[in-house]
Amino acid sequence: MPLAYRIEDAAAAIGISRSTLFEYIKDGRIPSRKIGASTVIRHRDLEAFLDAAPFSAATKDAQRSMR
């Protein structure tokens, strides 16, 4: 598993477009770093972003039905 991803790879890893990823970076939702001319995003920052995202309606419904 890589420590960090370039923009294209980070976007693909979480299933969003490059432009959406750049919006999230600009908004501060996903931190990025500059290594020379490259912008990179750490693997753990992508995981943290996904962990903080809300559950889908289908997942919430499934969780309610299990109770």
Name all pairs fulfilling the ring pair (Phe, Tyr, Trp, His ring centres under 6.0 Å) condition that reach into residues 48-67, sequence neighbours left out, sorted by first residue then second.
Y24-F49
For S32 versus T39, what's the shortest heavy-atom pair and its separation?
CB-CG2, 3.7 Å
Can you list, pair by pair, the side-chain donor-acceptor contacts under 3.5 Å of residues 7-22, counting residues two or more places apart and other chains?
from	atom 1	to	atom 2	distance (Å)
S17	OG	S19	OG	3.1
S17	OG	T20	N	3.1
S17	OG	T20	OG1	2.9

Kindly compute the distance separating CD (E23) from CZ (R29), expressed to the nearest 0.5 Å.
7.5 Å
Whether over 12 other heavy atoms sit under 6.0 Å from K34 NZ:
yes
Look at R33 together with D45 and state whether they make a salt bridge at an N to O cut-off of under 4.0 Å.
yes
In the hydrophobic clustering (ILVMFWY, side-chain contacts below 4.5 Å, transitive), which residues join I35, or is it alone?
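V40, all in the cluster of I35.
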